Amino acid sequence: MEPVTLTTDRLLLRTVGPDDTEAVYRAAQDPVMQRWISQFPSPYLREHAEAFTAQMVPDGWAGDSMYTFGLFLRGEAPGGEGPGGAELTGMLGITMRALGVGEVGFWAVREHRGRGYVGEATPAAARWAFTALSVDRLEWRAEVGNVASRAVAERAGFTVEGTLRSGVNNKGVRRDCWVGSLLPSDLGLPSTAPYLPART
C-alpha cells in the first residue's frame, strides 16, 4: 500500500522518511521510552533511527505489514523541525498480527507529553484501520506498569481485557503485559465479519 496521510484537529499523521531521522533519533534518547518500549534498543544509536526511517517504515507500508505514522503539529510557523516545518510530537504504528487483527503501538516525544496528541491520533488511525484495512479487532499491549500508555489507550476507547503472563520480551527479559482491544462497533462502525459476543 502507498502511505496515506490522516489529519486531526491539531495533527498531521504521515509516514516518516530519511528527512525525519534526526527528529526520531533525538526523541529516542529519552530514557523513559527506552525503558518501556521493548522494540527500542538501549542505547539508541543514530543507525537505529536511520534503519527505522529508511527501511523499516517504507518496507512496512510496501508489504502491508506495518503502517507507521509520524504525528506532526499542523499549522506550525516555518522554522520547526521536519519537512514542511512541522514538529514531531510522537509516533503511531499499526502492525498486522492476523487476518483482520492489528496491534497499535505509540509513543510521545517527551516535550509534548501531557497534551493529548497521541490520544487524539489513536482514534483517527483506528478509524482508518477499520475502514481501509478491514481490521475487525485492534489490540493494544503494554508492559504492566506503563500507566501512561494504558491511560492513552483507555481514553481512546480501548477495553483493557486482562494481563498476559510473560506477554512481552523487553530487551531479553520476559515481562507481564496488559492487553486491550478496540472494535469497530466501539466507534460506531460495522465489522467486516459478523461478531457474536459470548453470553454470560
Side-chain angles (χ1 to χ4, degrees), residues 6 8 13 27-28 30-42 44 52 56-57 60-61 63-71 90-109 113-114 116-200:
L6 308 174
T8 67
L13 282 65
D30 179 9
V32 171
M33 293 205 311
Q34 292 187 24
R35 161 62 184 91
W36 290 112
I37 300 176
S38 60
Q39 297 87 353
F40 266 33
S42 183
Y44 192 99
F52 178 72
M56 185 180 301
V57 170
W61 281 97
D64 288 314
S65 58
M66 182 175 68
Y67 309 94
T68 302
F69 296 93
L71 314 182
M91 199 73 62
L92 183 150
I94 296 175
T95 303
M96 298 309 295
R97 296 299 186 197
L99 182 63
V101 179
E103 180 179 337
V104 67
F106 44 71
W107 51 261
V109 176
R113 288 189 195 129
Y117 292 135
V118 178
E120 180 177 320
T122 302
R127 185 173 294 274
W128 171 78
F130 293 145
T131 56
L133 303 179
S134 298
V135 167
D136 282 330
R137 175 181 166 88
L138 192 59
E139 296 184 341
W140 157 87
R141 296 174 191 230
E143 184 180 322
V144 171
N146 190 347
V147 294
S149 179
R150 179 169 176 157
V152 169
E154 290 181 325
R155 281 196 298 272
F158 282 76
T159 297
V160 177
E161 298 170 329
T163 301
L164 301 179
R165 296 186 302 160
S166 188
V168 294
N169 184 328
N170 192 338
K171 301 167 188 67
V173 178
R174 302 295 314 186
R175 299 177 185 268
D176 296 346
C177 77
W178 291 315
V179 61
S181 69
L182 186 71
L183 307 181
S185 57
D186 296 329
L187 299 182
L189 298 171
S191 297
T192 60
Y195 169 45
L196 183 62
R199 297 176 183 267
T200 57

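We're numbering straight along the sequence, starting at 1. The structure presented is a predicted model; accordingly, all values stated were derived computationally and were not measured. Computation of the quantities below employed the complete heavy-atom set of this structure, encompassing side-chain atoms and omitting hydrogens, waters and symmetry-equivalent molecules.
Checking side-chain atoms of Asp30 against main-chain N and O of Ala27 turns up no donor-acceptor pair under 3.5 Å. A donor-acceptor pair is defined here as one N or O able to donate and one able to accept, closer than 3.5 Å; such a pair exists between the side chain of Asp176 and the backbone of Ser166. At distances below 3.5 Å, at least one donor-acceptor pair connects side-chain atoms of Asp136 with backbone N or O atoms of Ala193.
Here CD1 of Ile37 is found 8.0 Å from CG of Asn146. Values are rounded to the nearest 0.5 Å. A distance of 5.5 Å separates OG1 in Thr159 from CG in Asp186, rounded to the nearest 0.5 Å. Between atom CG of residue Leu187 and atom OG1 of residue Thr131 there is a gap of 10.0 Å, rounded to the nearest 0.5 Å.
For residues 138-153, the salt bridge (Lys or Arg N to Asp or Glu O under 4.0 Å) pairs, not counting sequence neighbours, are Arg35-Glu143, Glu103-Arg141, Arg137-Glu139, Glu139-Arg141, Glu143-Arg175, Arg150-Glu154. Contacts classified as salt bridge (Lys or Arg N to Asp or Glu O under 4.0 Å) and involving residues 116-128 (residues at least two apart or in different chains) are given here: Arg10-Glu120.
Summarising the geometry of Ser149 relative to Ala142, their closest heavy-atom pair is OG-CB, 3.8 Å, with the distance given to 0.1 Å. Shortest non-hydrogen contact noted between Ala121 and Thr8 is CA-CG2, 4.4 Å. Summarising the geometry of Ser181 relative to Glu161, their closest heavy-atom pair is OG-OE2, 2.7 Å, with the distance given to 0.1 Å. Nearest heavy-atom pair, Leu6 versus Ala124, reported as atom, atom and distance to 0.1 Å: CD1-O, 4.0 Å. In terms of heavy atoms, Gly157 sits closest to Leu182 at O-CD1, 3.3 Å. Contact detail for Cys177 and Val168: the closest heavy-atom pair is CB-CG1, 3.7 Å.
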When you look at Val109 and Met33, which way does the side-chain contact (heavy atoms from CB on, under 4.5 Å) test go after all the steps?
CA-CA 9 Å; Val109 176; Met33 293 205 311; over 6 Å; no
Under the criterion side-chain contact (heavy atoms from CB on, under 4.5 Å), I'd like the reasoning laid out for Thr68 against Met56: C-alpha separation, chi angles, the key distance, then a yes or no.
CA-CA 9 Å; Thr68 302; Met56 185 180 301; over 6 Å; no
Apply the test ring pair (Phe, Tyr, Trp, His ring centres under 6.0 Å) to residues Phe158 and Trp178: give CA-CA distance (whole Å), side-chain angles for both, the deciding distance (0.1 Å), then the verdict.
CA-CA 12 Å; Phe158 282 76; Trp178 291 315; over 10 Å; no
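For Phe130, there are no ring pair (Phe, Tyr, Trp, His ring centres under 6.0 Å) partners two or more places apart in sequence or in a different chain.
Looking at heavy atoms from C-beta onward, Gln39 lies out of side-chain contact with Trp107 at the 4.5 angstrom threshold. Using a 4.5 Å heavy-atom cutoff, the side chains of Met96 and Val135 are in contact. At least one side-chain heavy atom of Trp140 sits less than 4.5 Å from a side-chain heavy atom of Phe106. Leu92 has its side chain out of reach of Leu13: every pair of non-hydrogen atoms, C-beta onward, lies at least 4.5 Å apart.
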